[in-house]
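This one's a predicted model, so the numbers in the text were calculated from it and none came from an experiment. In the text below, chain A, chain B and the rest are named by the order of the sequence lines, each starting its count at 1.
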Number of protein chains: 4
Amino acid sequence: MTTRPGRPRDERAHAAILAAVTELVAESGYAAMSLGAVAARAGVGKDTIYRRWSGKAELVYEAVFTASDAAPVPDTGSLEGDLTVLVQQLIDEFSTPAAVAALPGLLADFAAASDLRARIRSAFLEPAKQRLTVVFDRAHARRQTGPDVDVDLVLDGLVGTVFFRLGILGESAGPELAQDIARIAAKGIESR
Amino acid sequence: MTTRPGRPRDERAHAAILAAVTELVAESGYAAMSLGAVAARAGVGKDTIYRRWSGKAELVYEAVFTASDAAPVPDTGSLEGDLTVLVQQLIDEFSTPAAVAALPGLLADFAAASDLRARIRSAFLEPAKQRLTVVFDRAHARRQTGPDVDVDLVLDGLVGTVFFRLGILGESAGPELAQDIARIAAKGIESR
Amino acid sequence: MTTRPGRPRDERAHAAILAAVTELVAESGYAAMSLGAVAARAGVGKDTIYRRWSGKAELVYEAVFTASDAAPVPDTGSLEGDLTVLVQQLIDEFSTPAAVAALPGLLADFAAASDLRARIRSAFLEPAKQRLTVVFDRAHARRQTGPDVDVDLVLDGLVGTVFFRLGILGESAGPELAQDIARIAAKGIESR
Amino acid sequence: MTTRPGRPRDERAHAAILAAVTELVAESGYAAMSLGAVAARAGVGKDTIYRRWSGKAELVYEAVFTASDAAPVPDTGSLEGDLTVLVQQLIDEFSTPAAVAALPGLLADFAAASDLRARIRSAFLEPAKQRLTVVFDRAHARRQTGPDVDVDLVLDGLVGTVFFRLGILGESAGPELAQDIARIAAKGIESR
DNA sequence: ACTTAACCGAGACGGTACGTCCAGTCTTACT
DNA sequence: AGTAAGACTGGACGTACCGTCTCGGTTAAGT
């Protein structure tokens with residue numbers, strides 16, 4: 001039962017919509033980007049959008065944040081080194097023009113709708129949490145940390161710091177930023 | 001001649017508007033709160049709002065974040081203790097019903113308008129930065145930290161973490177949260 | 001008891017307001033002329049206007065239609081000649097830039113407010129009716145007309161025709177117009 | 001391919017809007033009737049009104065003056081009789097509650113906007129002018145009038161008189177009015 | 001070949017908020 | 001009491017967008 005009756009959805013429309021969102025959100029920002037403009041840019045009817053996504057937030061999330069899920073788990077041999085790589089991954093993910101323009105409004109919409117709010121942890125944070133858990137397991141095996149590090153708290157700290165700096169304040173990340181953040185975090189959770 | 005010509009602005013209208021904003025933003029959320037509804041609730045014409053504030057973001061900012069500027073500088077004798085108090089001040093500021101409801105949309109609007117974006121550091125962060133600077137000076141005098149702590153980075157980390165947890169994820173702060181955050185931060189920046 | 005207590009009204013303000021109305025109504029038209037703009041142009045507070053006139057209609061009426069009340073009663077020796085002069089007086093009165101711009105909106109406001117509507121006959125038409133009555137009395141004395149000419153009907157016909165042509169259609173009056181109208185009217189009411 | 005792409009316009013919305021205008025203009029008058037109230041009464045969004053009409057004047061014109069275009073050309077055998085019928089047609093057209101309430105403000109708006117002003121002759125007057133032309137042709141064939149009657153002038157006189165009496169002064173038309181006007185006009189233009 | 005059913009672009013639909021403008025009133029300090 | 005200035009409530013304006021609905025027409029799978 002893999003096929004449904006009727007005409008199948010046009011994959012080119014799907015791709016054209018996501019491309020239009022990426023362009024328009026970078027040009028205009030999240031709030032100023034209307035779905036009507038997306039439809040026009042993509043050469044698509046508005047229904048074709050609403051048939052696939054429930055609203056602006058879901059659509060922009062998929063368009064902007066679906067690439068880096070495959071980021072590799074860092075393994076540099078030290079906790080600080082691993083965290084530096086991981087924070088740099090976050091910075092890279094949040095630094096594209098589309099992400100910078102989309103993030104504040106996107107998270108505002110997610111936060112405002114309770115059904116979406118519940119999905120932030122699973123959608124945004126879960127991939128990074130898995131990488132972070134592996135990093136901590138290795139650090140524990142090296143006796144650098146205790147067994148009871150609060151992964152969620154550290155993750156919220158790293159993500160919150162990066163999001164606040166780049167997404168809210170709109171500052172660009174210098175080459176030292178990832179290491180500066182990682183150094184404090186690593187020292188903060190190491191044993192002793 | 002300190003008085004301007006014409007009828008002076010009505011302070012009661014000012015107060016009624018801010019009270020209406022605080023109520024409505026807590027009831028409806030930032031995006032769903034219309035300035036027309038604010039005017040109706042306050043018993044005020046829309047012009048009276050637009051005469052004093054340039055838009056929703058400026059208005060809500062003034063209504064929701066103008067109380068805690070007078071928060072005292074903590075002085076517990078230890079860096080971790082001081083940071084715990086300071087983080088708790090942030091948590092308290094971000095935990096009122098109006099602040100929880102207003103923050104994501106408010107910061108999204110500030111981030112989207114470049115003229116407002118520049119004001120986040122000065123308007124939101126400056127009071128906390130001053131307290132944090134005093135805390136670090138005392139810690140340095142106690143030889144707990146070096147002289148070159150990056151105050152902005154730590155501040156962004158503390159604020160970003162609290163804002164992300166409470167404002168974006170909508171989680172409520174448990175009694176241990178402030179100390180958990182402060183402990184990691186203090187260890188992360190201590191000398192040695 | 002000709003003097004009232006308190007400061008007497010400033011006659012220069014009165015004149016400045018009427019001058020500002022005449023200018024602004026000619027520039028902008030009746031509907032687009034706001035009393036705030038009149039006050040600013042006259043260098044006067046809005047209250048000074050509302051203290052003297054009850055609203056825009058009354059003000060514009062006084063500014064635009066108060067000059068020609070002293071028009072002389074024509075006496076050319078023939079009914080058609082007298083009517084030609086009288087119609088030309090109407091045309092002159094309705095052809096000033098201010099009158100052309102003010103008339104449609106002004107009469108619309110008069111017609112919409114029942115208390116003003118009752119005043120159109122007395123305010124607009126009474127001076128012309130008196131002149132027309134004299135003209136008809138002389139014509140009757142010359143046995144050109146019967147004794148029972150419906151003065152109001154003829155007056156409404158002359159005024160309505162001129163007002164519709166100039167005020168509503170916005171056409172300019174050629175040199176023959178007064179005589180063309182007067183000829184038909186005179187023939188239409190002569191005996192035989 | 002005569003059909004345009006997209007959802008066709010809803011004829012019931014069109015009719016509901018015109019019905020709401022007819023009701024509301026009769027209840028409130030032209031100036032006091034807001035398009036927002038029309039939309040609410042018709043159960044329609046404001047966009048649906050602005051999509052079809054450019055403003056209040058165009059909308060009210062279509063709602064109030066679209067019935068009598070099919071009025072028959074009078075043919076009583078005499079000029080005065082024909083004119084009496086024609087004037088009565090004008091009176092009937094201007095005497096409906098909606099027309100009485102709409103006319104002054106409507107013509108004021110038409111007169112104020114130069115693009116609309118040009119349409120008064122074609123939209124309001126053309127149907128009556130055609131009937132009047134036929135009446136004059138017949139009168140000329142009967143040798144009652146010369147060949148060079150100024151149709152526009154007589155039409156402006158008849159319409160102006162009726163409009164001024166009913167529309168501006170707000171007087172109701174007695175049973176003799178049409179004949180009184182027609183008698184003067186007929187005598188005024190007859191040969192000899 | 002024919003039916004069925006979901007798809008498609010286009011754009012109209014009801015509804016809601018926007019930010020501006022004006023009417024007519026009110027409140028200052030000053031004359 | 002009158003004055004200039006300008007703030008006040010209230011409400012209409014015309015625009016923009018949301019998310020849904022309605023057309024005519026297309027594209028496959030199932031019969």
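Side-chain atoms of Thr48(D) never come within 3.5 Å of backbone atoms of Val44(D) as a donor-acceptor pair (strictly under, hydrogens ignored). Remark: the backbone N or O of Leu24(B) is paired with a side-chain donor or acceptor of Ser28(B) at under 3.5 angstrom. Side chain of Lys46(D) to main chain of Val38(D): no donor-acceptor pair is present (N/O by atom type, distance under 3.5 Å, no hydrogens or angles).
Minimum heavy-atom separation, Gly167(A) to Arg117(B): O-NH2, 4.3 Å.
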Expected list for residues 103-114 of chain D: side-chain donor-acceptor pairs under 3.5 angstrom, two or more places apart:
from	atom 1	to	atom 2	distance (Å)
Asp109(D)	OD2	Tyr30(D)	OH	2.6

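Rounded to an integer number of Å, the gap from Asp109(A) CG to dG19(F) C1' is 14 Å. Residue Lys56(C) contributes atom NZ, which lies 9 Å from atom C1' of dC22(E) at whole-angstrom precision. Distance Leu59(A) CG to dC18(F) P: 11 Å, rounded to the nearest Å. For Leu35(D) and dC13(F), the CG to P distance is 5 Å, given to the nearest whole Å. Between the CD atom of Glu11(B) and the C1' atom of dT27(E) there is a distance of 14 Å, given to the nearest Å. Tyr50(C) places its OH atom 9 Å from the C1' atom of dT25(E), with the value rounded to the nearest Å. Atom CD1 of Ile49(A) and atom P of dT20(F) are 13 Å apart (whole Å). With rounding to whole Å, Arg51(D) atom CZ is found 14 Å from dC17(F) atom P.
Considering only heavy atoms from C-beta on, Glu58(D) comes within 4.5 Å of Arg119(D) through its side chain. Side-chain contact between Tyr50(D) and Leu35(D) is present, with at least one heavy-atom pair separated by less than 4.5 Å. Looking at heavy atoms from C-beta onward, Phe124(A) lies out of side-chain contact with Phe163(A) at the 4.5 angstrom threshold.
For the residue pair His14(B)/Arg9(B), the side-chain donor-acceptor check at 3.5 Å is not satisfied.
Proximity note for Arg9(B) (side chain, C-beta onward) versus dC8(E), dA23(E), dA7(F): the nearest is dA7(F). With dC13(E), dC18(E), dT3(F) as the candidates, the nucleotide lying closest to the side chain of Asp10(C) is dT3(F).
When heavy atoms are screened at a 4.0 angstrom cut-off, Arg12(B) is found touching no nucleic acid atom at all.
In terms of position on DNA chain F, the residue among Gly36(D) and Met33(A) whose nearest nucleotide sits closer to the 5' end is Gly36(D). Mapping Ala37(C) and Pro8(D) onto DNA chain E by nearest heavy atom places Pro8(D) closer to the 5' end of the strand.
Listed by residue number, the members of residues 15-24 of chain A with any heavy atom below 4.0 angstrom from DNA chain E form an empty set. Annotation: proximity of residues 40-48 of chain A to DNA chain F (heavy atom, distance under 4.0 Å) is found for Lys46(A), Asp47(A), numbered in ascending order.
Side-chain nitrogen and oxygen atoms of Arg52(C) include at least one within less than 4.0 Å of the OP1 or OP2 phosphate oxygen of dT3(F).
With hydrogens and angles ignored, a donor-acceptor pair closer than 3.5 Å exists between the side chain of Arg7(B) and the base of dA7(F).
Glu27(A) and Arg41(A) are joined by a salt bridge, as a carboxylate oxygen and a charged side-chain nitrogen come within less than 4.0 angstrom of each other.
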